[in-house]
Undergrad: 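Encoded as structure tokens, here's the structure I'll be asking about.
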There are 2 protein chains.
Amino acid sequence: MVRRTRLDASDCPVARSVDAIGDWWSLLIVRDAFDGSRRFGEFQRGLGVAKNILTTRLRSLVAGGVLEVVPASDGSAYHEYVLTPKGRDLFPVVVALRQWGEAHFFAPGEPRSELVDREHGRPLSPLEIRSAEGVPLGAEDTVVRKVS
Amino acid sequence: MVRRTRLDASDCPVARSVDAIGDWWSLLIVRDAFDGSRRFGEFQRGLGVAKNILTTRLRSLVAGGVLEVVPASDGSAYHEYVLTPKGRDLFPVVVALRQWGEAHFFAPGEPRSELVDREHGRPLSPLEIRSAEGVPLGAEDTVVRKVS
DNA sequence: CCTTACTGGTTGCAAGATGCTACCAGCCTC
DNA sequence: GAGGCTGGTAGCATCTTGCAACCAGTAAGG
């Protein structure tokens, strides 16, 4: 058995998250879902992914509780894929990745897509890590602890 | 050419980030680096990954500017892998994934690792998405815009 | 020194994942 | 009811992943 390693039983939440959405396309599907895509064809055109790959990814996201299948909103006989509450909770992950990409992979003035406040049309403020008391923290101010 | 699709030229920052660290092991290596791992063997034992896989992942993270190779801190002839500033900027991504995993993949009381404030030993507060004005936003309050 | 263990890999092979191109069965539209 | 959309499957080639074996340079003990 040489299958891809499973980490869904790891005691680290990061590992379980990566196990659920850590493959290549899943997060981009979620990104497009946040951006309004609902139909198979929308995801396929938006991502440029092969249809068989998209099929397996959508199925695994549905199985993982990130997306759910609902009847089409336009009354046709087809169905649509929408984010569950669990899927919508991925918003900070997508925003964090977006901000990291913006900061490190684009030359100034290079064309890009940008996530903005719908009301004012301005970019979001950078994510901040804060303690329970609300004090901003850096990575060096934190430590991983085992809990049982 | 059937190689894995490259997204490093996409105009979406999320896609470029995923292209850089979106494979299975890279983010876990970064997580362990935040947790203090520096040596090849530490990563290997911490992750349980095959050595050839770890070799390629470390190389691509170094090539991508996330890790850098430095002489061993204990004076031996070996070298170590440490996060660059770009790599440390991934902290919000790791924290976001961790919080999502904690919220959705653990039964109450199930053993887990936890990220806490070093000073007080308490879990961090949940990440919040905020507008430029500091107003908390949900996914539905944002929209993606093309910039050129 | 000399031997032995550790560190940090490389190599070869088996099997799974990815991707492309057909192909196809329901819909829906005219 | 003909033709085009929608949402897939199937087959095949190639790439990636993973295990195990092997190996050179370094450190440590005697």
Side-chain angles (χ1 to χ4, degrees), chain A residues 1-10 15 18-29 32-33 36-64 67-82, chain B residues 1-10 15 18-29 32-33 36-64 67-82:
Chain A
M1 187 180 71
V2 189
R3 55 177 305 157
R4 201 164 166 178
T5 310
R6 310 267 28 162
L7 293 177
D8 50 359
S10 166
V18 166
D19 195 64
I21 52 157
D23 79 85
W24 225 79
W25 291 109
S26 296
L27 255 180
L28 297 177
I29 291 172
D32 277 15
S37 291
R38 303 166 65 92
R39 298 285 283 258
F40 187 93
E42 286 184 283
F43 289 112
Q44 211 239 313
R45 281 187 301 276
L47 295 169
V49 61
K51 293 197 290 182
N52 53 348
I53 310 289
L54 181 56
T55 299
T56 63
R57 286 303 168 277
L58 287 172
R59 277 207 230 292
S60 81
L61 287 170
V62 170
L67 295 177
E68 84 190 307
V69 176
V70 301
S73 52
D74 60 359
S76 73
Y78 301 117
H79 58 263
E80 300 182 342
Y81 298 90
V82 300
Chain B
M1 187 180 73
V2 189
R3 55 175 306 157
R4 202 163 165 179
T5 311
R6 310 266 33 154
L7 294 178
D8 50 359
S10 165
V18 166
D19 195 64
I21 52 156
D23 80 82
W24 224 81
W25 291 109
S26 296
L27 255 180
L28 297 177
I29 291 172
D32 277 16
S37 291
R38 303 167 64 93
R39 298 286 283 260
F40 186 95
E42 285 183 284
F43 290 111
Q44 211 239 314
R45 281 186 300 276
L47 295 169
V49 61
K51 294 195 289 183
N52 53 347
I53 310 289
L54 181 57
T55 300
T56 64
R57 287 301 167 281
L58 287 172
R59 276 207 230 294
S60 80
L61 287 170
V62 170
L67 294 178
E68 83 190 308
V69 176
V70 303
S73 53
D74 62 358
S76 74
Y78 301 116
H79 57 265
E80 300 181 341
Y81 299 89
V82 301

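Naming: A, B, ... by sequence-line order, numbering from 1 per chain. Small disclaimer: the values here were computed from a predicted structure and weren't measured.
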Undergrad: Rounded to whole angstrom units, what separation is found between the CG atom of D23(B) and the P atom of dT16(D)?
TA: 11 Å
Undergrad: Does a side-chain heavy-atom distance below 4.5 Å link L47(A) with R57(A)?
TA: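 Side-chain contact under 4.5 Å: no.
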Undergrad: May I ask you to evaluate whether R39(B) reaches the phosphate of dT7(C), defined as a side-chain N or O under 4.0 Å from OP1 or OP2?
TA: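 Result: no.
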Undergrad: At their closest point, which heavy atom of A72(B) faces which heavy atom of R39(B), and how far apart are they?
TA: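 Distance-wise, the nearest heavy atoms are CB-NH1, 3.9 Å.
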Undergrad: Could you tell me how far apart L54(A) (CG) and dG8(D) (C1') are, to the nearest whole angstrom?
TA: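 My rounded result for the distance is 10 Å.
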Undergrad: Of the non-hydrogen atoms in A15(A) and L28(B), which two are nearest, and what is the gap between them?
TA: CA-CD2, 3.8 Å
Undergrad: Output yes when a side-chain donor or acceptor of Q44(A) lies under 3.5 Å from a complementary backbone atom of L54(A), and no otherwise.
TA: no
Undergrad: Starting from P on dG8(D), measure out to CD on E42(A) and report it in whole angstrom.
TA: 13 Å
Undergrad: Starting at CZ of F40(A) and ending at C1' of dG26(C), how long is that distance when rounded to a whole Å?
TA: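 Atom CZ in F40(A) sits about 15 Å away from atom C1' in dG26(C).
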Undergrad: Looking only at the side chain of Y78(B) (C-beta and beyond, no hydrogens), which of the listed nucleotides dT10(C), dT26(D), dG18(D) gets closest?
TA: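 Looking only at heavy atoms from C-beta outward on Y78(B), the closest nucleotide is dT26(D).
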Undergrad: Is there a side-chain contact between H79(A) and the phosphate of dG26(C), meaning an N or O under 4.0 Å from OP1 or OP2?
TA: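 So the side-chain polar atoms of H79(A) never come under 4.0 Å of the phosphate oxygens OP1 or OP2 of dG26(C).
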Undergrad: For the side chain of S76(A), starting at C-beta, report the closest nucleotide among dG7(D), dT9(D), dC28(C).
TA: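 So the side chain of S76(A) is nearest to dC28(C).
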Undergrad: Nearest to the side chain of Y81(A) - dT17(D), dC27(C), dG8(D)?
TA: dG8(D)
Undergrad: From the list dG9(C), dT17(D), dG8(D), which nucleotide is the closest neighbour of the side chain of K51(B)?
TA: dG9(C)
Undergrad: How many Å lie between CG on L47(B) and C1' on dT17(D), as a whole number?
TA: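 Rounded to the whole Å, the gap is 15 Å.
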Undergrad: Once you round it to whole Å, what is the distance between P of dT7(C) and CG of D74(B)?
TA: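 Computing the D74(B):CG to dT7(C):P distance gives 11 Å.
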Undergrad: Given that T56(B) and L58(A) both sit by DNA chain D, which one's nearest nucleotide is further toward the 5' end?
TA: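 The 5'-side residue here is L58(A).
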Undergrad: To the side chain of N52(A), which of dC20(C), dT18(C), dT26(D) is closest?
TA: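 Nearest nucleotide to the side chain: dC20(C).
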Undergrad: Has R57(A) got a side-chain N or O lying under 4.0 Å from the OP1 or OP2 atom of dG19(C)?
TA: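 No, no such contact exists.
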Undergrad: Toward the 5' end of DNA chain C, which comes first, R45(B) or R59(B), by nearest nucleotide?
TA: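 Looking at the nearest nucleotide for each, R45(B) comes out on the 5' side.
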Undergrad: To the nearest angstrom, how far is I53(A) atom CD1 from dG16(C) atom P?
TA: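 Those two atoms, CD1 and P, are 16 Å apart.
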Undergrad: How close or far is atom P of dT17(D) from atom CD1 of I29(B), stated in whole angstroms?
TA: 11 Å
Undergrad: So, does W25(A) get its side chain near the phosphate of dT18(C), meaning an N or O under 4.0 Å from OP1 or OP2?
TA: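 The answer is no; no side-chain N or O of W25(A) sits under 4.0 Å from OP1 or OP2.
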Undergrad: Side chains of L67(A) and I29(A): closer than 4.5 Å at any heavy-atom pair?
TA: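 Yes; the side chains approach each other to less than 4.5 Å.
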